[in-house]
Amino acid sequence: IQSYTFQFQFEETVVLQIACSFQVDYLTKEKVSESLFNTVAQVLLPIQTIPYAREFFQSTSVRMNIPPIVLPIYDPSSLVNAVISENAIH
């Protein structure tokens with residue numbers, strides 16, 4: 001499960017909080033190693049769920065009649081490079 005939370009604070013007070021969670025199920029014909037599963041969770045899960053989170057925050061804020069919350073485009077290259085370096089995958 002991948003969760004995202006958007007908070008807007010005024011001074012020290014949280015005045016708006018929107019949260020969402022996504023469950024992604026992967027099916028494979030063969031059992032995968034824990035290492036591969038962790039890599040998939042770290043890299044693919046955010047890549048596959050962030051677009052849905054962006055749309056959720058934007059549409060929810062519009063339905064609340066507040067200015068749309070538009071999150072920046074997600075660039076997965078830094079995350080992919082960090083995971084490759086961490087796990088020494090070549």
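This chain uses plain numbering: 1 for the first residue, then up along the sequence.
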Leu36 and Val43: same hydrophobic cluster, using ILVMFWY side-chain contacts below 4.5 Å?
no
With Glu11 via side-chain hydrogen bond (donor to acceptor under 3.5 Å, both in side chains) - residues at least two apart:
none
Apply side-chain hydrogen bond (donor to acceptor under 3.5 Å, both in side chains) to Tyr52 and list each qualifying residue two or more places apart in sequence or on a separate chain.
none
In residues 12-24, what donor-acceptor pairs under 3.5 Å come from side-chain atoms, sequence neighbours left out?
unit_1 : atom_1 : unit_2 : atom_2 : d
Gln17  : OE1    : Gln7   : NE2    : 2.6
Ser21  : OG     : Ser3   : OG     : 2.7
Gln23  : NE2    : Asp25  : OD1    : 3.1

Rounded to the nearest 0.5 Å, what's the gap from CG on Leu45 to OG1 on Thr39? Could you check?
12.5 Å
What residues form a side-chain hydrogen bond (donor to acceptor under 3.5 Å, both in side chains) with Gln2, not counting sequence neighbours?
none
side-chain hydrogen bond (donor to acceptor under 3.5 Å, both in side chains) contacts in which one or both residues fall within residues 60-71, not counting sequence neighbours
Thr60-Arg63
Between Tyr4 and Phe56, is there a side-chain heavy-atom distance shorter than 4.5 Å?
no
With a 3.5 Å distance limit and no angle check, can you tell me whether Arg54 reaches the backbone of Val70 through a side-chain donor-acceptor pair?
no
Let's go through Phe8 and Ile69 carefully: what are the C-alpha distance in whole Å and the side-chain angles of both, what is the deciding distance for side chain to side chain contact (heavy atoms under 4.5 Å, CB included) to 0.1 Å, and is it a yes or a no?
CA-CA 10 Å; Phe8 180 76; Ile69 298 169; over 6 Å; no
With the 4.5 Å side-chain cut-off for hydrophobic clustering, are Phe57 and Met64 part of the same group?
yes
Across all chains, not counting sequence neighbours, the side-chain hydrogen bond (donor to acceptor under 3.5 Å, both in side chains) partners of Gln48 are Tyr26
